[in-house]
Amino acid sequence: MANQYKKLQQKIYPKDNDKKDKFKEKVGSDYLLMGVLIFTVVVTMVGWVQFDNWNRCMYVLLIVSLGLTYVRRHAKLSETQAIFAERASLVSIGFAIAMFIIVFLHNFNFI
């Protein structure tokens, strides 16, 4: 009976260490994310003169999305700020994909 009571107490009131381990996110080094972000910035800077406004908008949206993803993963944000950064990143990448489709269709004379 005492063993069952202990098991029940552990299930109802877990130790603080167990809670911290469950919710602690491992933040690794995002070399790939940083590399893609730097590559996108360099391509945007080098090709700025040759790009039309659609391409410029697409690359700026990509940079914003990658930057927000990096900030969300590595900055110490509150839960609401992290959710906002994640959603803003998703919206930005969605608009960048839409811009890519528009540029693709425009370049191949579908529009």
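Keep in mind the model is a prediction, meaning the values are calculated, not measured. All heavy atoms count here, side chains included; hydrogens, waters and symmetry mates do not.
At a threshold of 4.5 Å between side-chain heavy atoms, the hydrophobic network of Ile, Leu, Val, Met, Phe, Trp and Tyr places F84 and V91 in two separate groups. F51 and V46 fall into different hydrophobic clusters, where Ile, Leu, Val, Met, Phe, Trp and Tyr are joined by side-chain heavy atoms under 4.5 Å apart, directly or via other members. By the rule that hydrophobic residues join a cluster once side-chain heavy atoms approach within less than 4.5 Å of another member, F100 and Y59 end up as members of one cluster. Put simply, L62 and M34 are part of two different groups of oily side chains (I, L, V, M, F, W, Y) that touch within less than 4.5 Å, one to the next. V64 and W54 fall into different hydrophobic clusters, where Ile, Leu, Val, Met, Phe, Trp and Tyr side chains are chained together by heavy-atom contacts under 4.5 Å.
S89 places no side-chain N or O within 3.5 Å of a backbone atom of A85 that could act as its donor or acceptor partner. Judged by distance alone, the side chain of T69 and the main-chain N or O of S65 form a donor-acceptor pair under 3.5 Å.
The minimum heavy-atom distance linking G67 with L37 is given by the pair N-CD1, 4.0 Å. Nearest heavy-atom pair, I63 versus T40, reported as atom, atom and distance to 0.1 Å: CG1-CG2, 3.6 Å. The minimum heavy-atom distance between L90 and I93, with the atom names listed, is O-CG2, 3.2 Å. In terms of heavy atoms, C57 sits closest to M99 at SG-CE, 3.9 Å.
If you take CD on Q50 and CZ on R56, they are separated by 9.5 Å, rounding to the nearest 0.5 Å. From H74, atom NE2 reaches atom CG of D30 across 3.5 Å, with rounding to the nearest 0.5 Å.
Paired with L105 under the rule side chain to side chain contact (heavy atoms under 4.5 Å, CB included), one option of I102, I101, N109 passes, and it is I101.
Side chains of V71 and L77 form a contact here, defined as non-hydrogen atoms less than 4.5 Å apart.
Under 3.5 Å, the side chains of H106 and D52 contain no donor-acceptor pair of N or O atoms.
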